[in-house]
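Just so we're on the same page: letters track the sequence lines, and every chain starts at 1. If you're wondering where the values come from, they're calculated on a predicted model, not measured in any experiment.
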Amino acid sequence: MYGNDFGPRDDAPLNAAETADYTQALQEYFDGLIEEDSRIEPRDAMPEAYRKTLIRQIAQHAHSEIIGMQPEGNWITRAPSLRRKAILMAKVQDEAGHGLYLYSAAETLGVDRAELLDKLHTGRQKYSSIFNYPTLTWADVGAIGWLVDGAAIMNQVPLCRCSYGPYARAMIRVCKEESFHQRQGYEILWTLSRGTEAQRAMLQDAADRWWWPALMMFGPPDSGEKAKDGHTAQNMAWGIKRFTNDDLRQKFVDMTVPQAIKLGITLPDPDLRWNEETGHWDFGEVDWDEFWRVLKGDGPCNAQRIATRVAAHEDGAWVREAAVAYAAKHAAQEEVA
Amino acid sequence: MSAGHDYSGVTVAGPRERPVTDPTSLHTAYLLSLGDDALVYAQRLGEWMTHAPQIEEDMALGNVGLDLLGQARALLTRAGEVEGRGRDEDAMAMLRDEREFRNVHLVEQPRGDFGQEMARLLWFASYQHELYTALVSSADETVAGVAQKAVKEVDYHRDHATQWVLRLGDGTPTSHARMQAGLEAVHPYVAELGEDFAAARWAAEHGVGVLPSTLSDGVNAYVADVLEQATLSMPDEPRWRARGGREGVHSEAMGYLLAELQHVARSHPGATW
């Protein structure tokens with residue numbers, strides 16, 4: 001019998017699995033897995049803080065995929081050729097698919113998608129701030145593929161070796177598709193670079209607007225003096241994060257600058273120059289005030305992105321409710337039959 | 001005679017109709033009617049992405065749109081070949097004016113709510129299913145090839161619409177009412193799908209195409225069956241009905257749709273994308 005006909009003292013363990021001994025055993029098991037660089041699976045015990053961090057990170061990633069559909073979806077009806085329209089529709093569809101696998105990965109940690117969406121809609125969980133910038137020309141669709149997807153992949157490839165199995169596996173698939181998107185984006189820009197004067201101007205303008213926001217995607221500085229702030233040290237210890245934000249940003253700059261040279265464009269940073277000694281591209285200071293301002297809600301599209309998402313969700317409530325009612329009705333009928 | 005005017009010898013009497021009779025134009029027009037339906041509906045479905053009731057549905061509507069876009073590209077390319085004036089799929093899609101588009105009014109109507117979209121998709125996919133089933137044996141090999149692939153695609157589209165119409169019709173009282181309202185809203189546009197037109201008559205006579213009127217029984221039977229299972233009723237004969245799309249006479253929504261579809265391409269004449 002499971003009724004509340006007896007009551008232990010609030011602070012007393014009811015059984016041995018509620019004791020510090022058991023907590024200690026779990027922690028040792030978890031630490032052992034982390035130590036040997038094995039994957040943590042949903043069935044494994046894990047510290048609450050680890051679980052919460054992952055939920056936050058995976059949800060934010062899923063939300064970014066879903067919100068990221070908007071700036072690109074903005075150009076579906078206006079793509080300049082039918083081939084480009086088809087590629088863009090398929091891309092936006094892929095982003096929706098990525099959102100779905102990531103919500104599923106988060107669900108393995110004991111939350112559900114509806115709860116996470118509600119947190120997105122009410123501003124309690126975030127999405128990548130890059131999507132708070134508008135797509136103003138066709139070249140922006142190319143720039144998102146080249147720079148935004150390029151930066152995302154730089155962040156995500158290390159996540160394929162993340163300690164949490166379902167997230168790592170989702171990332172393997174996501175990175176493959178993102179890599180395809182990045183190439184498509186670059187190809188859009190490559191075509192513009194060989195096009196008319198107006199097309200080349202459109203390309204340069206898009207690169208000028210997207211370069212710095214793309215560098216911000218790696219997050220604020222977290223190496224050297226800054227290493228003690230933020231979550232980087234803990235996330236590295238847990239095997240969730242493998243490289244610092246600053247390392248990833250430098251790798252991205254090193255990989256991307258030669259591509260800009262091939263496009264025949266400039267990047268909007270007078271301090272950008274090749275450093276013979278280090279073998280890296282030096283670059284100027286990111287405007288972190290802008291980063292924090294947009295992150296806190298004061299970007300060109302923050303309000304619009306959430307309003308669009310909430311409207312779609314609310315407009316669709318009657319449809320989702322109908323599907324549930326229909327399923328219940330038909331399940332009941334099948335039981336009778 | 002009124003003061004100062006002499007109209008003797010001035011011809012102002014024009015023909016009531018300007019029928020097109022040459023085979024090339026009729027063949028091209030038939031291909032455009034097929035391709036434009038697919039293109040214009042793909043354009044409307046593309047508008048749904050990020051606005052659908054759930055993420056799965058953003059994907060599904062995108063998928064239907066992509067299939068239609070694929071059909072449109074093949075058919076418009078073929079129309080350009082038959083026409084013989086060097087127009088490719090993009091010249092057909094981006095550089096024709098409204099009066100040259102031959103799609104039905106159903107597909108050009110602005111996006112309504114999800115119930116209305118499922119009503120439109122149910123009718124349109126049911127029509128395309130009958131259509132492509134018949135076109136598998138077209139004497140135009142491109143048309144036959146498109147039809148063989150498309151018949152499987154539209155089978156899925158029709159099923160997708162069916163599943164939603166069943167859920168919305170037999171879901172909650174609200175969804176039932178909204179689904180019924182969606183059916184009523186699209187009903188004036190349905191008859192045009194089954195209406196014969198000059199290019200289709202030519203195509204049917206030459207084994208290239210099929211008379212739309214011969215498809216209506218199959219379409220109506222399929223939809224009627226779904227509505228019955230969904231506890232919905234077939235709307236009454238509407239007081240007015242759309243006509244003229246196959247001759248390039250559209251509703252006012254069409255100009256805006258084309259403005260959006262074509263503006264980047266037209267702003268950069270001769271550019272490659």
Side-chain angles (χ1 to χ4, degrees), chain A residues 62 65-67 69-86 88-90 92-97 99-100 103 113 117 137-138 188 191-192 194-196 198-199 202 305 308-309 311-330, chain B residues 39 42-63 65-66 69-70 72-73 76-77 89-90 92-94 113-115 118 163-164 166-176 178-179 257 260-273:
Chain A
E65 299 284 355
I66 299 309
I67 297 292
M69 292 165 68
Q70 290 183 34
E72 300 190 83
N74 183 36
W75 282 88
I76 288 175
T77 57
R78 294 177 291 169
S81 73
L82 297 186
R83 173 172 163 266
R84 293 291 182 200
K85 189 191 289 285
L88 184 57
M89 282 176 88
V92 175
Q93 217 185 6
D94 285 347
E95 311 296 1
L100 289 178
Y103 285 123
R113 197 211 303 184
L117 282 175
T137 71
W138 171 250
I188 287 176
T191 307
L192 295 177
R194 292 178 304 167
T196 63
Q199 286 176 304
M202 191 189 282
R305 298 290 184 240
T308 299
R309 177 87 266 287
H313 190 74
E314 287 175 358
D315 290 350
W318 67 279
V319 174
R320 296 189 303 275
E321 283 158 16
V324 171
Y326 178 89
K329 227 183 264 189
H330 287 263
Chain B
L39 174 65
Q43 179 77 358
R44 285 297 184 209
L45 288 169
E47 294 174 3
W48 271 99
M49 297 187 83
T50 72
H51 298 287
Q54 55 193 24
I55 300 162
E56 287 83 350
E57 204 53 33
D58 280 316
M59 292 178 77
L61 293 173
N63 216 35
L66 266 174
L69 189 53
R73 292 178 65 189
L76 296 184
T77 299
E89 60 178 46
D90 286 324
M92 286 296 187
M94 303 296 178
D113 75 0
F114 187 72
M118 288 305 104
Q163 295 307 320
W164 273 118
L166 291 175
R167 277 158 185 75
L168 299 178
D170 193 17
T172 64
T174 302
S175 71
H176 179 88
R178 289 184 72 160
M179 188 62 236
L257 180 144
E260 199 169 328
L261 173 76
Q262 298 179 333
H263 108 265
V264 178
R266 288 194 181 217
S267 299
H268 300 269
T272 302
W273 302 95

Practice task
Sort B:Met59 into side chain, backbone, both or neither according to what part of it lies under 4.5 angstrom from a heavy atom of chain A.
Solution key: both
Practice task
Tell me, for B:Leu257 versus chain A, whether the close heavy atoms (under 4.5 Å) come from the side chain, the backbone, both or neither.
Solution key: neither
Completion exercise
Whatever's closer than 4.5 Å to a heavy atom in chain A on B:Ala93 counts as side chain
Fill in the blank from the handout: Whatever's closer than 4.5 Å to a heavy atom in chain B on A:Arg84 counts as side chain
Exercise for the section: Select, from B:Thr172, B:Ile55, B:Val264, the one with the greatest count of heavy-atom pairs under 4.5 Å involving chain A. Expected result: B:Ile55
Completion exercise
If one checks every heavy atom of A:Thr196 against chain B at 4.5 Å, the contacting part turns out to be side chain
Handout entry: Partner chain A: residue of B:Thr174, B:Asp58, B:Thr272, B:Leu45 with the largest heavy-atom pair count (under 4.5 Å)
Key = B:Thr272
Problem - Per-residue contact mode, B:Ala42 against chain A (heavy atom under 4.5 angstrom) - result: backbone
Handout entry: Note, A:Leu82 side chain near B:Met94 side chain (heavy atom, < 4.5 Å)
Key = yes
Handout entry: Interface moiety of B:His51 toward chain A, non-hydrogen atoms closer than 4.5 Å
Key = both
Completion exercise
Of all heavy-atom pairs linking A:Gln93 and B:Gly62, the shortest is NE2-C, 3.8 Å
Handout entry: A:Arg113/B:Glu56 ion pair, N-O < 4.0 Å
Key = yes
Fill in the blank from the handout: Note: B:Trp273 and B:Ala265 closest approach over all heavy atoms is NE1-CA, 4.5 Å
Practice task
Name the orientation class of the two ring planes belonging to A:Trp75 and A:Trp138 (parallel below 30°, tilted from 30 to 60°, perpendicular beyond 60°).
Solution key: perpendicular
Fill in the blank from the handout: If one checks every heavy atom of A:Arg194 against chain B at 4.5 Å, the contacting part turns out to be neither
Practice task
Using a cut-off of under 4.5 Å on heavy-atom pairs, state which of B:Met179, B:Arg266, B:Glu89 scores highest against chain A.
Solution key: B:Glu89
Handout entry: side chain to side chain contact (heavy atoms under 4.5 Å, CB included) assessment of B:Arg167 paired with B:Gln163
Key = CA-CA 6 Å; B:Arg167 277 158 185 75; B:Gln163 295 307 320; 3.0 Å; yes
Fill in the blank from the handout: Heaviest contributor of heavy-atom pairs below 4.5 Å to chain A, chosen from B:Leu69, B:Asp170, B:Thr50, is B:Asp170
Completion exercise
Cut-off 4.5 Å, heavy atoms of chain A, and the answer for B:Asn63 is both
Exercise for the section: Apply side chain to side chain contact (heavy atoms under 4.5 Å, CB included) to the pair A:Tyr103 and A:Leu117, showing each step before the final yes or no. Expected result: CA-CA 9 Å; A:Tyr103 285 123; A:Leu117 282 175; 3.4 Å; yes
Exercise for the section: Find out whether A:Leu88 and A:Glu72 are in side-chain contact, i.e. whether some heavy atom of one side chain is under 4.5 Å from a heavy atom of the other. Expected result: yes
Problem - Heavy-atom contact with chain B under 4.5 Å, split by part of A:Leu192 - result: side chain
Fill in the blank from the handout: Nearest heavy-atom approach of A:Lys85 to A:Thr77 is NZ-O, 3.5 Å
Practice task
Against chain B, label A:Ala79 side chain, backbone, both or neither, depending on which of its atoms sit under 4.5 Å from a heavy atom there.
Solution key: backbone
